[in-house]
Amino acid sequence: MDDTQLQTLRQRLEWVLITFFALTTLSLVVIYVTDPAIYAQVLLLEPDVSSAYPLPVVLFLVGLLVFIALLIVGIRRHWRWVFWLILVAFGAAVLDILAAPLQLVGVFPEPYPLWYNLFRLGISCAQVVIAVWMGRIAYRHGAWALGKQKQADLTDEQSVA
């Protein structure tokens, strides 16, 4: 594959991942505004009737948003550890795909509303598809489709410096 094709593949991967994380950020904020109790359940907080938006929930959301911003920076700069982190995390979403139907039929407890479980199931399916695509890219062209030879040269240069 020539450099132009690799660059196109790399740009598509960046675009898909950044779009995914932008939509994730949007959904996090929408869920926070519409039903902040979901975050309280995730954090195992006692229901607080004095505040709809308790401080631990706000801090949790801010932490998630900062982490997503860090991932987007890593995507743009082609940090290899970000590539592998995303690949492993998205690949692990297959476990959520397997657990969601079991929650819906009552085998596992279902602590969240039905719409939220279905929403998570859809996101998990998208994550697994992206993980498979990233795995194929890594196998054929190296992380971020930088090319296996170029990647080895970069690693050699970094170890010398």
Side-chain angles (χ1 to χ4, degrees), residues 1-36 38-39 42-43 57-105 108 112-161:
M1 203 174 234
D2 66 353
D3 284 342
T4 307
Q5 291 173 323
L6 285 176
Q7 184 176 7
T8 303
L9 185 60
R10 187 177 324 116
Q11 288 172 346
R12 284 184 189 155
L13 179 59
E14 285 179 27
W15 182 84
V16 166
L17 289 173
I18 290 172
T19 302
F20 178 86
F21 286 120
L23 291 173
T24 300
T25 299
L26 179 64
S27 67
L28 287 170
V29 172
V30 168
I31 290 169
Y32 175 75
V33 170
T34 58
D35 194 1
I38 289 177
Y39 289 110
V42 168
L43 296 172
V57 172
V58 174
L59 293 175
F60 179 68
L61 179 64
V62 169
L64 284 175
L65 296 178
V66 168
F67 181 67
I68 290 172
L70 176 69
L71 290 176
I72 290 174
V73 169
I75 291 167
R76 292 293 298 145
R77 294 185 176 208
H78 304 129
W79 293 342
R80 281 186 294 155
W81 68 269
V82 170
F83 180 89
W84 296 111
L85 177 71
I86 293 171
L87 178 64
V88 169
F90 281 21
V94 74
L95 298 173
D96 201 28
I97 293 172
L98 298 173
L102 296 174
Q103 286 179 330
L104 294 175
V105 298
F108 291 150
Y112 307 112
L114 176 63
W115 69 267
Y116 184 68
N117 280 335
L118 294 175
F119 182 68
R120 280 186 22 225
L121 180 62
I123 289 172
S124 296
C125 290
Q127 287 176 318
V128 169
V129 168
I130 293 170
V132 169
W133 183 44
M134 287 177 70
R136 290 184 64 193
I137 288 172
Y139 179 74
R140 292 181 180 168
H141 311 292
W144 298 119
L146 291 173
K148 290 186 177 184
Q149 183 58 41
K150 287 182 183 178
Q151 207 166 21
D153 293 343
L154 287 174
T155 305
D156 291 340
E157 288 175 14
Q158 289 173 354
S159 64
V160 171

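- Note on residues 86-102: pairs passing salt bridge (charged side-chain N to carboxylate O under 4.0 Å, His left out), not counting sequence neighbours, are Asp96-Arg120.
- Contact record, Gly91 with Ala131: N-CB, 3.5 Å, taken as the closest heavy-atom pair.
- Residue pairs meeting the ring pair (Phe, Tyr, Trp, His ring centres under 6.0 Å) criterion with at least one member in residues 112-134, sequence neighbours excluded: Tyr112-Tyr116.
- With sequence neighbours excluded, no residue forms a ring-ring contact (aromatic ring centres under 6.0 Å, His included) with Phe108.
- Side-chain contact check for Leu85 versus Trp79: every heavy-atom pair is 4.5 Å or farther apart.
- The line from CG of Leu9 to CZ of Arg140 is 10.0 Å long, rounded to the nearest 0.5 Å.
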Indicate every side-chain donor-acceptor pair of residues 15-28 with a distance under 3.5 Å to a residue at least two apart or in another chain.
from  : atom 1 : to    : atom 2 : distance (Å)
Thr19 : OG1    : Trp15 : O      : 2.7
Thr24 : OG1    : Phe20 : O      : 2.8
Thr25 : OG1    : Phe21 : O      : 2.9
Ser27 : OG     : Leu23 : O      : 3.4
Ser27 : OG     : Thr24 : O      : 2.8

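- Of all non-hydrogen atoms in Asp35 and Pro113, the two that sit nearest each other are OD2-CG, 4.3 Å.
- Looking at residues two or more places apart in sequence or on another chain, you find a side chain to side chain contact (heavy atoms under 4.5 Å, CB included) between Ala100 and Leu121.
- Taken from CH2 in Trp144 to CE in Met134, the straight-line distance is 5.5 Å, to the nearest 0.5 Å.
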Under 3.5 Å, which donor-acceptor pairs do the side chains of residues 61-75 form with other protein atoms, sequence neighbours left out?
none

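- Remark: Arg76 pairs with Glu14 by the side chain to side chain donor-acceptor pair (under 3.5 Å) rule, at least two apart or across chains.
- Counting only heavy atoms from C-beta outward, the side chains of Val58 and Tyr39 never approach each other to under 4.5 Å.
- Shown here for Ala145 and Arg10, the closest heavy-atom pair between the two residues is O-NH2, 3.2 Å.
- Interatomic distance, CG of Asp3 versus OG1 of Thr8, reported as 10.5 Å (0.5 Å rounding).
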